[in-house]
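Working notes for the structure below.
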Amino acid sequence: MNSFIISSFLTAILSIILGLFVFLQDAKNKINKIWLLTASAVFVSWISLGYICLSNSPEQALIWQKILYVGAIFVPIFLFNFCSIFVNSEGRSKILLFIGYIFASFFIVILFCTNLFISGVDNITSIHYWPVQIGILYYLFLAYHIFYVICTIVVLYLARKNANGVTRKQIDYIFYGALVSIIGGSTSFLLDFNISSYPMVGNYLMMFYVVFVTYAILKHHLFNLKVIATELLTFIIWMFLLVRVLLSTSTRDQIIDGSLLGIIVIFGIFLIRSVVKEITQREKIEKLATDLETANVRLTELDRQKSEFVSFATHQLRAPLTAMKGYASMILEGDMGTMADEVKLGVSRIFDSAKTLTNIVDDYLNLSRIELGTMKYVFDVLDFKTLIEDIVAELKPNIEKSGLKFTFTAENGDVDYRITADRDKFKQVIENLIDNSMKYTPKGSVALSLSFNRPLHKFVFMIKDTGIGIDPDVLPHLFAKWSRAGNANKTNIKGTGLGLFVAKEIISAHHGTIRAESPGEGKGSTFIVEMDPWGKM
Ligand code: ADP
């Protein structure tokens, strides 16, 4: 036995094992069936090739030679059929397939019934026997062979151009594999013309092809090379043990090797199954991850669109609200003449509602700006203490109406309260905090204080109230988007849960900090803002 014979047998065995293996994955699948037929034809050709070399007489070699041609006749048409199904062009290839099968049947008849195909074998050095006495119809067979190989390549090439993703990869495997096998397969034909002075690489190239196509098919079914490798290894061990059982001379050896084979078969099946399961799961997870990624991209886009819409809508709402607030305020201040008390009450309700709505609209507008990253700051130097005093003055009517004890103390002395801040935005934060403390304090007091912490070199602004307080569980999430404590909801005080989120964003942009403290529900709360003095930011 030389390496040529061994590689012939190996090609044949590998081909039939992989053909069967693919077929057993899903016996009903058309692709798997036709691949089994193709692999069987390869098996017939290559097993015969091995036996031709081992033949003892020209007669025996001729029989094997004819069997070889049974495979060789069917390989191209099966292959063409397989590729047509694989790339979904079976319908278009129908006529060619029909003609091909007619030709194949015709060749089989003339091969066995006449001498027009091959009439005898000869002894050639490298392979021992080979059919050098070829008949006239052999040339027709060659033409048929070349024609269907070209058809296969064309079908694959066209499909390859239009495919993408996994399908493209599969077709690539088959396409390049086919090219390799054609080069390999064609080397065998040269022998027919008594040309044998070249390396006999056909067998090895054919092996590649079988593996390539099998991989391509299995890839389709979410398997991969790891599974094929495991299965091949297992099959090889089984075969090795089977040969040992068959070759064992003593009963004792037969029992030992047989039992070993039994155990290895069972373990092998379990091993293959577990690898298949693991890979299927992994592929599923990979698919889920891809789906998730796509969904995430889509969600991000939707989120952006939502923010844009909110930004647009709130912007449109702001102008009429400002007008409502302005006119209501003018009427209340008597700029438009005197009015009855009932009218005044009505207008003050309109004013309050317009103000609440403006705050809500501002919250949404700020949120969308933060999410879109379009929040713009215009920094200026301003006096922190004066700013609070101005706000307190503006809120005076509300403070008086609330009936709360309201105080503001600032550490005086030689403190310079200048900070660097965006006036409007910073003011909005402080207003919001004072507004909250009044909102969430039904009775009692609200105390504001401003001081300079010398060791930390920071201004500390505190708003301490005796209101509904904050549950310690809620405190860590208080500055998150949409965060509202349970007790805030219960008090029937309307809010968006956005004010503190926006406040934190704005204060962070000022390189300051904001935090809340509370001993618990019903025990009041303190909000603390710390800012760097001017010149440090
Ligand atoms: P809103 O007041 O619109 O609900 P905020 O973001 O301003 O939204 O406040 C978030 C939550 O923090 C409030 O719903 C409330 O539960 C809590 N909170 C804020 N300020 C106080 C306060 N002074 N006392 C008690 N709870 C407060």
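Whatever order the structure lists ligands and atoms in, that order sets their numbers, starting from 1.
Near F527, meaning under 4.0 Å from any of its heavy atoms, are these atoms of ligand 1: 19 (C), 20 (N), 21 (C), 22 (C), 23 (N). Every atom of ligand 1 with a heavy atom of S437 under 4.0 Å away is listed here by number and element: 23 (N). Counting the atoms of ligand 1 from 1 in the order shown, those under 4.0 Å from a heavy atom of L478 are 12 (O), 17 (C). Taking every heavy atom of L498 and a limit of under 4.0 angstrom, the matching atoms of ligand 1 come to 6 (O), 8 (O). The A485 neighbourhood of ligand 1 comprises atoms 14 (O), 16 (O), with distances under 4.0 Å to a heavy atom of that residue. The atoms of ligand 1 that sit less than 4.0 Å from any heavy atom of L500 are 5 (P), 6 (O), 7 (O), 9 (O), 10 (C), 12 (O), 19 (C).
A heavy-atom distance below 4.5 Å is not found between the side chains of S437 and F527. Taking the side chain as every heavy atom from C-beta outward, S40 and F78 never approach each other to under 4.5 Å.
Using bins of under 30°, 30° to 60° and over 60° for the plane-to-plane angle, the ring pair F384/F461 lands in the tilted bin.
Neither side chain, E411 nor S451, offers a donor N or O lying under 3.5 Å from an acceptor on the other.
Between atom 14 (O) of ligand 1 and the options M438, K504, R484, the minimum heavy-atom separation is to R484.
Note: no N/O pair closer than 3.5 Å links I468 and ligand 1 by distance alone.
Both the sub-6.0 Å distance and the 45° axial angle are satisfied by K425 relative to the ring of Y377. Cation-pi check for K385 over Y417 is not met; the charged atom does not lie both under 6.0 angstrom from the ring centroid and within 45 degrees of its normal.
Ranking protein heavy atoms by distance to atom 23 (N) of ligand 1, first place goes to D465 OD2, 2.9 Å.
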